[in-house]
Amino acid sequence: MSEIQNRTLGGRHMAQPKAAGELNAVELETQLLKRWAEEKAFRASIDARRNGAPFIFLEGPPTANGKPGIHHVVARTFKDLVCRWKSMEGFLVERKGGWDTHGLPVEIEVQKRLDLMSNEAIEAFGMAEFNQACRESVWTYEAAWREMTERMAYWVDLDNPYVTLDNTYVESAWWALKQMFDKGLLYRGHKVLPFCPQTGTSYSSHEVALGYKEVEEPSVYVKFKLTDGDASILAWTTTPWTLPGNVGLAVGPDVTYVRCRVKEAAGEHWEGAGGAEVGEEVILAKDLMKEVLRHHVDIVEEFPGADLVGRSYEPLFPGAVPKGDSTTAWTVLAADWVTTTDGTGVVHTAVMYGEDDYNLGMEAGLPAHHTVDMDGAFVAGTHPELDGRYVKACDETIIALLAAPKGTNGKGPQSGLLYREKAYAHDYPHCWRTDHPLLYYAMDSWFVRMTAVKENLLKFNDQVEWAPDWVGEGRFGEWLRNVKDWAISRERYWGTPLPVWRSESGEMKCVGSINELQEEVAKAVAAGFQNPECPDDVDLHRPVVDGFTLVSSTGEAMHREPFVMDCWFDSGCAPFAQWHHPFENEDVFNASFPVDYICEGVDQTRGWFYTLLAVSTTVFDQPAYKRCLSLGLILDAEGKKMSKSRGNIVDPWDHFNREGADATRWYMVTAGAPWNPMKFDPNGVRETYAKMFLTLWNVYKFHADYAALDGFDPEASVVATDERPALDRWVLSRLATVANTYHEGFVNWQFHKACRDLEDFVVNDLSNWYVRRSRRRLWDEADSNDKRSCQHTLHEVLLTVCRLVAPVAPFMVDEIHRNLTGESVHTAAWPAGVPGTLDGATADAWDEVAARKTATLPPSDEDLEATMALVRELAEAGRRIRIEGNRRQRLPCAQGWVVAGPDLDEFHDLLAEELNVEAIHVENDLDRFQRIELAPNFRALAPKARAAVNDVAQAIRNAADPEALLQSIHDGGAEVLGVMVEPGDVEVKRVERVGFAAQTVQVSGTDDAALHVSLVLDMNDSPALLSKGMARDITRRVQAQRKSLDLDLEATIDLEIWMVNGPNMEEADEAWVASETRCAACVFHGDGSTPPDGAECFEVDGTTIHFTVS
RNA sequence: GCGCGGGUGGCUUAGUCGGUUAGAGCACCCGGCUGAUAACCGGGAGGUCGCAGGUUCAAGUCCUGCCUCGCGCACCA
């Protein structure tokens, strides 16, 4: 056991293995869950590493007001496996749970439930009551989350989680805001923001991104009549509801415009309303005439946009916007962002309803006046037919107003001004909660000046190790390069209140703690303002905080700005707010920031990944995390996104209850690279169970059953590794090789490759070869070095496999590990080493040489692995030969020859048994069974032969006498089709000669001719061989019968055999049958006697055999 | 529209520096093996490597364009 002994976590006494039972994975897992709970195994796994270097993980807090789905299991698997892995490496990995509890999603749920679909309704219901309902609603699915988390064995501390609604958490968030405020990074602004009239709130860019939908809307070309002449300027808009708010037209100063005159009436194919009369003049960008105009026109004049600037036109809806003291209202303005890719090259400008419009309006001094209310309806005085109506419902009305024949009685001045209408399909942002189209709307809001820290954001992002790297460099980097100020306030109720109080005259005060609030309240009270009590445990939510009036430096009353924070801000504060920094846990926070590892779905790029960095950059001037694994989306088996509305969400419990959490987790990790979208195939989970876990269990069972039977003691009579048979040394070497690449895979985030390799090792190398080849060794009832070697080997391999698998699939391997050692695998050491325990190690750096020394892997022997690979290929070649030669597997061959290749002496017995050959010979005269074939080496040949390379290659392949050609190539080169072919230009292959029952295999990874190894079998029969073959066939059938009779392994039987037309059985073979099948009595009847009815019967190569077992 | 990542037998996927027979697994068919497990082994069928060009002696691989799926960005009037 010396190699495997756990040096770093303290040596331990190995228990003797227990016999294994039949596998019931679900039962096994649920039993283990109980046991873990009793033992507090999660705690113990952390405590065992108490002295290790810390590795800091930060849990992205989910919202527990929805049911967890399989995609949450995926994310939690990757979080868990890294934490468990690092833990096994000796690091101290604390894992605090967290819950995101504020924000719009919660409010919307409650609004739906209580039927409070407007802000008025909420306020009528009572803000306190509403927020109380939110506070409760947050926990609706907490139990479901907890159950899922526990069942899948995601080890995270849910008993002491951080909760964003806790006063301590909110207080830390306030503190952070105050830092921003003090640095001048938090400001109040008036900006055009996407706004949802139903939820009554504006959104930040990352929320808007959630709701883009393709819609088809009416777009209109409108004629704006110049006041100094008859011409009209054509402008285009997709939002007719913004037309009453029009106060300007923007043109590109360098764009070429034309004034053109309508030559003749439009054709009959005119679609929709609008039009123009013959002789009417319109102005638009020259490039867009073809796109826009539906009339034949004459170009009257051509000029740059600059010439239009300053000209005034008639308002469409006179009176809708008061002119005030603006001198530029309803004139043409210059804007260099105007292009000719869309519309008419003239941009209709409604100051309050577009970002560019607003900026231009401010610059040019246009009147800033709302024609639309916060509830999305036109304000009174806009137009009699529009006032009070929801703007999106007015599109038709507005178009009708514009399209009415000119001068029609009772119609407004806008009649006759529609040139065209056109349905326009585009992506438009919608509310991600209510699906309503968002309106761009100029409003008061609070912002974090992210644009001021852009360079730092980029710098810190560069320091993050992203997996995959392109998410960081590409997607996230691009987002940061285009960073906008963060609109951080929400006109809502349930959230972290914005802790800024403001006086009538604009003085502001940002409060950064409860203490400060108490002081300010006291000050205000002293100044004569009425205030409620502000106790230490004052609820830091609305409406309580709204109730406090503070006092300004000039003695004015200050009221709280009536906003709550974007809930993404809350989660962005998690690194410090979870510890109530800076009010408590100073040491904990200092030791854990920035965090080492976070992992979430790629959809968090603009969500949590961003807000963490945004907050840490503005508050601490540091990055928030060092490593970030960004997971791909999870799709259903058809490649469709999983969503509630589609109804294709996979319930994780379907698999927890069928194949178990191990198989579910292993499947998810092996299904593909973590960052690739994963098609979740339920059948894949079944397959994983059948292949990986069933196989592993049966390997274990094979070992454990015999170990228990023999009283195997892993610490006694150890056979030194180098004294064990080659088969043992081979599997140990394979184990070491696989463990090392597995570890490398983990380091490089290639968990999928690592696990596929390990699975291949377990199924192929361990089970299908090592165990299969070793079965007989353990049947031996007597104690022997060979048997003990095998048992120690199996024991060691199983333990290491368990430890490697443990981070990914923690159940079955714990059961196995416990049964073999009495200890949980989750306190065991990582086989590739325990860097976390080294002096001076950190999560980022350690002494690699020292770390290697803590590995607990057996020696690796590449030659041995290559040799065994060859042996296995030869065994397969033997089976191919038999199929081609029509010779059944159980009929032995007298002899076989291995031609060429490395020394296989050590494996002759094994090979003879696999091949069912009496004797293996090594044939040194290669030419007896092999001939050579020449193949071109294109890489060398191509530069010489150029275009002729294919012909030369053909000639080399088809050489009539390859031996002679090779000879002359070696004798200074051979000319083939005019090309001098030299030794490097050809590859020599040795293949079997025709006429022999033979197959040639190539030792993998070489093209050395010496390593083309042929196997030749002697296909001749003899009476002795026929007898032996028959004995094997009989034995196999009898064994099958024993099995179907469900006989005990030890049970003895009476066997009678009747053979018709069979070979003469030799005595030794009869005895062999008897002993193999554990016969008390065994009778072979001659040709004359008749078998009884009901005897088992089978046929082999023309012989009919009957037998009875009793 | 811009950016990122995909598209390889029915399904899931591997494929290195471009090298001449594109490799596995599941499912299917035939055969074998088994005191060996929802296992294993051999063989078979199944591929225009998304499409079209280009570079090259040679393209799944490199280049260009397009189609398509996913994701992200986008005031796009």
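Lettering follows sequence order; numbering is per chain, from 1.
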Contact class for A:Arg872 vs. all strands (heavy atom < 4.0 Å): base, sugar-phosphate, or nothing?
nothing
Would you measure the distance from the P atom in B:G15 across to the matching atom in B:G5 and give it in whole Å?
16 Å
Between B:G9 and B:U48 - C1' atom distance, rounded Å:
12 Å
Nucleotide opposite B:A39 in a Watson-Crick or G-U pair, distances under 3.5 Å:
none
Reckon A:Ala671 touches a base, only the sugar-phosphate, or nothing at all at heavy-atom distances under 4.0 Å?
sugar-phosphate
Using the P atom as the point on both nucleotides, what is the distance between B:G18 and B:C57, in whole Å?
16 Å
For the side chain of A:Trp479, counting heavy atoms from C-beta on, which of B:C73, B:C76, B:A38 is nearest?
B:C73
Taking atom C1' in both B:U13 and B:C73, what distance in whole Å separates the two?
31 Å
Between B:U34, B:C41, B:A38, which nucleotide gets closest to the side-chain atoms of A:Arg1036?
B:U34
If we take the P atom in both B:G6 and B:U16, what is their distance in whole Å?
12 Å
Using the P atom in both, what is the distance from B:U61 to B:C49, to the nearest Å?
10 Å
If B:U13 has a Watson-Crick or G-U wobble mate with both distances under 3.5 Å, name it; if not, just say none.
B:G23
Answer with base, sugar-phosphate or nothing: what part of the nucleic acid does A:Arg879 contact at a heavy-atom distance below 4.0 Å?
sugar-phosphate
Nearest-nucleotide pick for A:Ala690, side chain only, options being B:G5, B:A38, B:C40:
B:A38
By the 4.0 Å heavy-atom rule, please label A:Tyr689 as base, sugar-phosphate, or nothing.
base
Salt-bridge criterion met for A:Arg957 and A:Glu933 (N-O under 4.0 Å):
no
Are A:Tyr221 and A:Leu418 close enough that some pair of their side-chain heavy atoms sits under 4.5 Å apart?
no
Hey, does A:Gln889 reach any base, or is it just sugar-phosphate, or nothing, if we go heavy atoms under 4.0 Å?
sugar-phosphate
If you look at every strand shown and take non-hydrogen atoms under 4.0 Å, does A:Thr695 touch a base, only sugar-phosphate, or nothing?
base
Which one is paired to B:G65, where only Watson-Crick or G-U wobble pairs with both distances under 3.5 angstrom count?
B:C51
Close aromatic pair by centroid cut-off 6.0 Å: A:Tyr667 and A:Tyr689
no
RNA chain B: A:Val771 or A:Thr237, which has the more 5' nearest nucleotide?
A:Val771
For A:Ser767, report the nucleic acid contact type (base, sugar-phosphate, nothing); a contact means any heavy atom under 4.0 Å.
base
Once you apply the 3.5 Å cut-off to both distances, tell me the Watson-Crick or G-U wobble partner of B:G1, or none.
B:C73
Rounded P spacing from B:A22 to B:G3 in Å:
35 Å
Polar side-chain contact A:Arg939-B:C17 base: donor and acceptor under 3.5 Å:
yes
Look at the aromatic rings of A:Tyr610 and A:Trp486 and report parallel, tilted or perpendicular, splitting at 30° and 60°.
tilted
Among B:G42, B:C75, B:C57, find the nucleotide with the atom closest to the side chain of A:Asp356.
B:C75
In terms of heavy-atom contacts, A:Leu316 and A:Lys223 come closest through CD2-O, 4.2 Å
Any base atoms under 4.0 Å from A:Trp470, or only sugar-phosphate, or nothing? Heavy atoms, all strands.
sugar-phosphate
When you check the gap from the basic side-chain N to the acidic O, do A:Arg872 and A:Glu914 get nearer than 4.0 Å?
no
Gap in Å between the two C1' atoms, one belonging to B:G60 and one to B:G7, rounded:
12 Å
